[in-house]
Amino acid sequence: MSEGIISAAVTSALHKALCKAQTDGQLRLAVWPSLVFDIPKRAEWGDLSTTVALGLAKREKRAPREIADVIASHLQWETDLFDHVNVVPPGYINLTIKRDQWFRVLTEIERQGIVYGDSTVRAGQKVLIEFVSANPTGPLHVGHGRGAAVGDAIANLLTRTGADVAREYYVNDVGTQVETLGKSVLMRMTQPSLEPECKDVPLPEGFYQGKYISDIAMAFVKSRSPTTMKSSEGAAIEAGQFAKDVLLQEILEDLREFNVHFDKVFEEHTLYDNGVVADALNVLRAKEYVYTLEEADWLATSRWGDDKDRVVRRANGQYTYFASDIAYHTHKFNRGFQQLINIWGADHHGYVPRMKAMMHALGHLEDSFQVSLVQLVRLVRGGKPVAMSTRSGEFVTLREVIDEVGVDAARFFFLMRRCDTPLDFDLDLAQKKSNENPVFYVQYAHARIASLFRMAQEQGINVPSSSDANLTLLGVQEELAMVKKLEEYPEVISESARCLEPHRVAYYLQDLAGLFHSYYYKHRILQADALALTLSRLVLIRAVQTVVRNGLIVLGVSAPETM
RNA sequence: GCGCCUGUAGCUCAGUAGGAUAGAGCAUCGGACUUCUAAUCCGGUUGUCGCAGGUUCGAUUCCUGCCAGGCGCGCCA
């Protein structure tokens, strides 16, 4: 179920009402309208409202108000579900749900527990999500961290909607950059720069500058006999391989610490070792999508909207990065994945059109490939941006951020904003233990509920099952508001998954936590002289706790019992 | 020059398969601790939804053109 039980019931009632209207000849309904409704902005407009009548007016050639009246007249019969049905000009149908119906939400959450919010909209779909894929030429920086958090959360969302999801990290270990990496290591070795005081001496432009290069150089020296220390071509390759392996392991270690795990680390060089690149290009050449011009091979991407055709093999015989990517994505499809999702830094957006073109060339729907572009992260401390520069190698690493604010805060902050807008990451705020800090605020709602349960336990009160509580005692406005919010959760998940937008979950959790904190302050939950009320309130807040936890799991943030 | 993203309250941002009087947090001002965690809560203030047209019963949302900011436009990866 991709929507809450109340929404589902209303959809079904609306469907029935339209059928009845059609059978009775009141509406033609040649084209069936989509049964959408939203939560009205104002409470006096009811719990839910639909604009189907407005949408139908043109096709039925009748006033929207009339159509709304017809539909409403049939909805009126659903007396178990609706308290009342109002038609408001120009043709809104406002629905007020019977109060008792709402309590079914609590029973449902109790029944489903950890899977509340899950759906089957992507059942049977094999999805490959490729993310991070940072080049193994240095440690992960904060931007990669955002990509990691976003990719992992999206993968969680897809799993929650029933997809069979594989997480993959693609390693560019072919080409000039590993060579440059090796040369950088050698240069640190051949200069007298292994001495600690020389680590800061900059290398010539175009080489990797970070201090980590010196560390790797030292490790490389230890692992090799001095005779192989010549700065020959062979030594550069060897040093590059060595450095790449070290850095990749460190990257994966950082990601593990960040609770990001991959099903597969896919190394680009295997595509060459196994002839996948040549095969993939041969297939495209057979379709006459690849042609030779001026001794280079081109893929005719401009046929499908790219600005120009792209070189796949250079005149010197070497394949381009794009050739690897063609092979890699061909290989993804060949492994049985139907939907490919890539999470990229926004600076790669210029690459998207040729990827879309590639899909056409490979004979797949353009929609089978989706990219989420993740914008930059700007670290802020004391209200001022933290200086970052990749050129000097003095960027802020993901590890430094994790060490400073913790995994939970880092992940939540990375997921707080829509990923295509730049993110200001406030390092001070992320560490605050107060309501200003959204992570803390949400986690604290979970912990506070756990604390209430402990307190109840001490008084000999266990949280009852919903069937053992009189839920109709839940009557105050704050309680109803929370239940309605809980009912929205499945749709929040399915919509976040559909749009690949995990930030919606973060916003939802802040709203829900806000409702809870406000409720907690206004109404006493544990009341010795009102046991029945206490029991029903415990059922309610357990449902809140379940949903907060489920949402945090999607974001990859822990749900603590105590704080 | 071409392309992509962004432009919503003082700040940071939600909201867009078109819907009713546009929201939240922060900041600011003023309140609430003999209390189940005050690690929290309550109230007040805040808008030409970048600008101009168009589509329509209705546009922050869709289309076109401008303006501003960011990013990208290699036989690099």
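Letters A, B, ... are given to chains in the order of the sequence lines, protein chains preceding strands, and every chain is numbered from 1.
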Q: Measure from the side chain of A:Asp347, starting at C-beta and using heavy atoms only, and say which of B:rG72, B:rC42, B:rA39 lies closest.
A: B:rG72
Q.
Let's see if you can work this out: which of B:rG3, B:rU37, B:rC5 has an atom nearest to the side-chain heavy atoms of A:Gln375?
A. B:rC5
Round to a whole Å and report the spacing from [atom1] of [X] to [atom2] of [N].
X        : N      : atom1 : atom2 : value
A:Glu436 : B:rC41 : CD    : C1'   : 14 Å
A:Tyr441 : B:rA38 : OH    : C1'   : 13 Å
A:Asp529 : B:rC36 : CG    : C1'   : 13 Å

In whole Å, measure the gap between the [atom1] atoms of [N] and [M] for me.
N      : M      : atom1 : value
B:rU16 : B:rG1  : C1'   : 31 Å
B:rA27 : B:rG10 : C1'   : 8 Å
B:rU56 : B:rU61 : C1'   : 14 Å
B:rU55 : B:rU64 : P     : 15 Å
B:rC29 : B:rG65 : P     : 47 Å
B:rC4  : B:rC62 : P     : 14 Å

Is it the case that the side chain of [X] and the backbone of [Y] share a donor-acceptor pair, with hydrogens and angles ignored and the cut-off at 3.5 Å?
X        : Y        : value
A:Thr534 : A:Ala530 : yes
A:Ser536 : A:Ala532 : yes
A:Ser518 : A:Leu515 : no

Q.
Let's see if you get this right: which residues in residues 513-521 of chain A place a heavy atom under 4.0 Å from RNA chain B?
A. A:His517, A:Ser518, A:Tyr520, A:Tyr521
Q | Pair assignment for B:rC71, Watson-Crick or G-U wobble, requiring both distances under 3.5 Å | A | B:rG3
Could you pull out the protein-nucleic contacts involving nucleotides 12-22 of chain B (nitrogen or oxygen on both sides, under 3.5 Å)?
residue: B:rU12; atom: O2'; partner: A:Arg417; partner atom: NH2; Å: 3.0
residue: B:rC13; atom: OP1; partner: A:Pro422; partner atom: O; Å: 3.1
residue: B:rC13; atom: O2'; partner: A:Arg417; partner atom: NH1; Å: 3.2
residue: B:rC13; atom: O2'; partner: A:Tyr507; partner atom: OH; Å: 2.1
residue: B:rA14; atom: OP1; partner: A:Arg418; partner atom: N; Å: 3.0
residue: B:rG15; atom: OP1; partner: A:His503; partner atom: NE2; Å: 3.1
residue: B:rG19; atom: O2'; partner: A:Tyr92; partner atom: OH; Å: 2.6
residue: B:rA20; atom: OP2; partner: A:Lys41; partner atom: NZ; Å: 2.1
residue: B:rA20; atom: O4'; partner: A:Tyr92; partner atom: OH; Å: 3.1
residue: B:rA20; atom: N6; partner: A:Ser49; partner atom: OG; Å: 2.8
residue: B:rA20; atom: N6; partner: A:Asn94; partner atom: OD1; Å: 2.8
residue: B:rA20; atom: N1; partner: A:Asn94; partner atom: OD1; Å: 3.3
residue: B:rA20; atom: N1; partner: A:Asn94; partner atom: ND2; Å: 3.1
residue: B:rU21; atom: O2; partner: A:Arg42; partner atom: NH1; Å: 2.8
residue: B:rU21; atom: N3; partner: A:Arg42; partner atom: NH1; Å: 3.1
residue: B:rU21; atom: N3; partner: A:Arg42; partner atom: NH2; Å: 3.0

Q) Any N or O donor-acceptor pair linking the side chain of A:Tyr444 to the base of B:rU37 at under 3.5 Å? A) yes
Q | Centroid-centroid under 6.0 Å between A:Tyr92 and A:Trp45 rings | A | no
Pairwise N/O distances under 3.5 Å, protein to nucleotides 75-77 of chain B:
residue: B:rC75; atom: OP2; partner: A:Lys308; partner atom: NZ; Å: 3.2
residue: B:rC75; atom: O2; partner: A:Ala315; partner atom: N; Å: 2.8
residue: B:rC76; atom: OP2; partner: A:Arg314; partner atom: NE; Å: 3.1
residue: B:rC76; atom: OP2; partner: A:Arg314; partner atom: NH1; Å: 2.7
residue: B:rA77; atom: OP1; partner: A:Arg314; partner atom: NH1; Å: 3.3
residue: B:rA77; atom: OP2; partner: A:Tyr321; partner atom: N; Å: 3.0
residue: B:rA77; atom: O2'; partner: A:Asn135; partner atom: ND2; Å: 3.4
residue: B:rA77; atom: O2'; partner: A:Gln177; partner atom: OE1; Å: 3.0
residue: B:rA77; atom: O2'; partner: A:Gln177; partner atom: NE2; Å: 3.0

Q. Hey, are A:Arg65 and A:Asp69 close enough for a salt bridge, meaning a charged N less than 4.0 Å from a carboxylate O?
A. yes
Q.
OP1 or OP2 of B:rG25 versus the side-chain N and O atoms of A:Asn435: is any pair under 4.0 Å?
A. no
